[in-house]
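Report on one structure; see the data block that follows.
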Amino acid sequence: MIPENRPLSMVAALATMESMTSEHITNTGSVMANHGSIQTPAQTQLRQDGSSNGGPSERKRDLRWRPAMLHPASLRVLLPWITSIIGIASALCLVIAWFPSTVWNTPIVSSDAPAHYYFIRRLLDEGLGAALHLWPHNSFYPPLFHVCAYSVIKIAALFGVQCSIYAAFNITWIIASGVIFPSGMLVLCRYFLQRWNRGNPISRISQALSTPESSSVSESSNVSNQQVSSAVNRQYNATFDVTFVLQNLIGLFVPVLAVSSVCHPYGLLNAGPLIAFGFATSLLPFLIAATLRLFDAIAAREHIVKWLAITAAAGVVCLVAHPRLAFTYALILVPFIVLRLPWKLILGAFIAMCIGAVAFVALMLTSFKSDRWANPASWFHSHQPSKNLWESILFCFTDGLDGFPAILFALLLIAGTVAAFVCAFRRAAVRSSDSLSAAVSTVAPAFSADADALVSDAAVSLVSASDLPAASCSDAADVSSFAPPEPSRPRRNDRLRDVIALTAAFLLVTLVYVCTVTLVGALPNIISAPWYRDENRIMTMLPLVALPLLVIGVNALSECVSVCAASASFVPSASSFSAKNSASSVPSLSSASAVSAVKNVSLASNWIGPIAAFLVIAILAVSAQIVCPSRTAARDTIIAHSSLNQSDPNEQLTEQKITVLRKVTERTGTQATIISDPLNGSMYAETLFNASMLYPIINARTDVPSAPFGKVETAFASGDGQQVLGTVCPLTDAPEYFLTMGDQAQSLQSFPYRAQYDSFHNEELIDAYVDGGTLVKVADYSQYGQGWALYRFGCVD
């Protein structure tokens with residue numbers, strides 16, 4: 001016998017409805033509408049048999065309704081894919097629309113660009129075997145981006161299309177930035193959203209009502225109640241619950257928001273471009289999501305090998321893209337490691353990080369010789385702060401957006417984080433309350449304190465409105481504790497763990513960014529050293545932590561709005577229902593009053609919050625495409641760098657230099673070796689005209705024994721003609737040439753090792769070599785620039 005009145009929320013009682021499957025109803029009897037009477041299994045079967053023996057029209061009606069019953073399930077499977085495809089396609093269109101059209105036929109003229117073009121050229125010349133030693137001195141450089149560009153050229157050739165190095169470079173960047181990165185961010189954000197909404201009964205009541213089990217309860221009632229319940233089933237099918245709606249909103253807008261900020265991917269194309277690091281960053285969301293799935297598997301103690309293999313494979317791919325990405329990965333994962341792993345694994349992870357840090361320091365000490373290692377305050381001595389403290393913090397909270405979108409993003413991020421903490425703490429407090437556990441046991445004795453078992457009794461008590469506690473916007477956390485468990489359920493307080501970890505990761509990234517762009521001294525240098533104290537590399541981390549935190553926050557705000565609306569609409573329905581059923585100890589679940597009460601709650605919880613979330617996210621996503629001066633400025637800078645109409649004749653590439661490089665290649669051929677100062681733009685002849693430049697990138701290392709360019713530098717600066725010829729002539733069997741094209745470009749003056757090339761534009765030294773016969777002038781280009789000429793080394797053929 002179930003007592004009549006209990007001080008328990010009506011919503012909590014409704015939450016237990018979803019555990020009543022057809023098996024439980026068959027075992028305990030069907031609930032009837034006649035003032036709480038219980039129907040026996042035999043009576044239930046008799047009524048079902050009687051209703052099934054109708055005429056042909058009734059059978060046709062049953063057949064006609066079956067497709068409609070299956071339709072929501074099909075839509076539930078297809079709709080996430082449809083919205084994801086639309087969102088990713090929108091992101092791709094935005095990236096393509098932004099991309100500068102000037103760089104399809106000419107290179108991006110910047111510090112790192114020639115190296116990436118050269119790496120692709122080397123793969124084309126030597127095959128994939130060169131991927132492990134792309135540098136001119138045959139050392140390793142992360143090859144994944146360049147291998148992808150090489151593959152684009154080869155695939156195009158299969159269809160008879162000739163794809164240039166620059167076109168393959170651009171296509172690879174567009175695919176990584178417009179498809180891979182937004183897809184990864186969508187996977188990562190949906191992971192957090194699914195964990196947040198797991199077991200949320202407000203979104204699951206309507207799902208339970210749309211199942212065949214709930215339909216069987218309706219069919220066992222009288223005709224009028226069957227009609228009402230059928231209408232409710234159609235109204236509250238699973239495609240419209242709050243979780244499903246929000247996940248599809250994420251599918252539409254997260255990919256767009258992922259490519260709305262100048263932080264990534266646009267910044268790295270402008271800065272350098274830092275292509276390999278940017279490509280690895282675009283892959284990183286998949287690695288983070290796989291790692292978090294591995295943590296879930298460890299907590300549930302199932303599928304560990306599967307997710308360990310997936311995580312390891314994703315990690316290898318990211319490391320092949322750029323090993324330095326490991327620092328970004330570790331920084332973001334540290335809070336999750338601390339909060340979600342057993343202490344032994346936490347200790348092991350931190351030992352591995354310490355070993356990696358020691359190995360990195362050893363690599364730096366052995367690879368880069370410097371007398372400033374013992375004085376961290378002197379590291380990055382040429383670095384200058386670019387923002388004040390307030391500007392750098394604001395940049396992080398706005399995710400690099402501008403104007404109104406920046407303000408809206410920051411407000412949503414802050415308000416959503418607060419709401420997420422409130423909901424998470426509320427759920428944690430309710431779960432730990434002894435009084436609440438006792439109440440749950442009273443209503444459903446088969447429930448354990450942790451809600452780890454299904455309800456085995458079909459009877460549910462609905463209390464009057466006078467017994468309802470005051471509802472608040474955080475009641476979603478209260479009622480969520482009544483949801484039945486899911487298989488392999490993770491540990492308690494997942495919401496709280498996630499919001500704390502995401503907030504901590506965001507604050508860690510903010511700290512690194514502030515240290516990089518604002519602070520000076522030993523400690524900021526040490527903190528930002530893994531990223532070369534480079535603002536552009538650190539900016540890429542912001543979307544990885546800001547977007548998931550925004551998603552969690554908007555979901556929490558939507559939940560609060562839904563519960564408040566549901567509470568407001570539920571009280572009148574509950575009062576009416578109580579008055580009609582006051583004489584009954586066990587009111588009918590299928591009565592019109594109960595259906596009306598559930599309808600009000602479901603309608604409010606399913607639509608009010610998601611509509612508000614939809615409007616806010618839509619406004620943010622659309623306005624970010626309208627107000628975007630930072631992205632426009634980055635695009636304009638790239639266009640300026642790729643333009644040949646330069647006012648300074650000594651810039652890296654001008655119309656005059658293009659003409660000279662073409663003439664030089666026509667004279668020397670593509671097999672002869674050409675030596676020149678890389679900082680005058682001559683290095684682009686390698687990919688523009690397939691010339692054989694001795695060192696076609698600007699940062700040649702002189703401390704590598706196998707680097708021939710370093711030996712040539714030393715010999716050329718010596719002033720000894722015999723030493724020069726003894727060093728240059730054995731390089732190849734083809735002739736060797738020397739090209740002068742003026743002074744070093746002003747845009748490369750920030751290059752820290754530019755002084756090592758000074759001898760290559762020392763006119764007095766060059767004239768001395770000409771007088772001594774070491775150099776023989778074969779072409780004069782002084783009409784294009786003062787002192788421009790092509791010389792041949794006086795080697796004996």
Side-chain angles (χ1 to χ4, degrees), residues 18 67-94 178-211 234-260 285-286 288-290 292-293 296 303 307 310 314 483 486-488 494 498 543 547-559 562 602 605-607 609-618 620-622:
E18 63 175 314
M69 294 169 62
L70 295 175
H71 178 69
S74 301
L75 186 61
R76 188 177 182 87
V77 173
L78 293 176
L79 194 57
W81 287 97
I82 294 173
T83 55
S84 298
I85 292 172
I86 294 174
I88 295 170
S90 301
L92 177 60
C93 291
L94 292 173
V179 178
I180 297 177
F181 180 62
S183 300
M185 290 304 302
L186 179 59
V187 169
L188 184 61
C189 290
R190 271 190 169 157
Y191 166 82
F192 286 110
L193 188 65
Q194 289 168 359
R195 278 177 57 88
W196 182 270
N197 287 303
R198 180 181 295 154
N200 186 359
I202 290 181
S203 65
R204 291 165 63 88
I205 289 173
S206 59
Q207 184 174 352
L209 287 175
S210 66
T211 58
R234 292 193 299 271
Q235 177 69 33
Y236 313 123
N237 67 68
T239 60
F240 297 126
D241 68 78
V242 62
T243 302
F244 189 71
V245 170
L246 274 180
Q247 287 177 353
N248 285 281
L249 291 179
I250 292 302
L252 283 173
F253 293 113
V254 162
V256 175
L257 290 174
V259 298
S260 295
F286 292 102
I288 295 175
L292 295 177
R293 293 285 187 185
D296 291 343
H303 306 304
W307 285 107
I310 294 174
E486 297 198 0
S488 302
D494 283 342
D498 284 347
L547 275 183
L549 191 57
L550 179 75
V551 166
I552 292 295
V554 170
N555 191 84
L557 290 172
S558 174
E559 184 175 298
S562 295
S602 185
S605 64
N606 279 346
W607 287 108
I611 287 175
F614 175 86
L615 293 176
V616 171
I617 297 178
L620 176 61
V622 173

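This chain uses plain numbering: 1 for the first residue, then up along the sequence.
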(message) Working to the nearest 0.5 angstrom, can you tell me the gap between L79 CG and S84 OG?
(response) 9.0 Å

(request) Drop me the distance from N555's CG to L550's CG, to the nearest 0.5 angstrom. (result) 11.0 Å

(request) For residues P548 and M185, report the shortest heavy-atom separation together with the two atoms involved. (result) CD-CE, 4.1 Å

(message) How close do P255 and A91 get, counting heavy atoms only, and between which atoms?
(response) O-CB, 3.4 Å

(message) Any heavy-atom pair between the side chains of I617 and V554 that's under 4.5 Å?
(response) yes

(request) Determine the minimum heavy-atom distance between L292 and Y191, stating which atoms define it. (result) O-OH, 3.4 Å

(message) Is the shortest side-chain heavy-atom distance between I180 and F286 below 4.5 Å?
(response) yes

(request) Give the minimum heavy-atom separation between A290 and W307, together with the two atoms involved. (result) O-CE3, 4.1 Å

(message) Return the OG to CG distance between S183 and L188, rounded to the nearest 0.5 Å.
(response) 12.5 Å

(request) Specify the closest pair of heavy atoms between R190 and G251, including all atoms of both residues, with the distance to one decimal. (result) NH2-CA, 3.5 Å

(request) Measure the CG-CG distance between L547 and L257 for me, rounded to the nearest 0.5 Å. (result) 6.0 Å

(request) Using atom types as modelled and distance alone, determine if a side-chain donor or acceptor of S90 lies under 3.5 Å from a backbone N or O of I86. (result) yes

(request) Grab the two heavy atoms, one from L252 and one from T83, that are nearest each other, plus how far apart they are. (result) CD2-O, 3.8 Å

(message) Using 0.5 Å steps for rounding, measure from the CG atom of D498 to the CH2 atom of W196.
(response) 8.5 Å

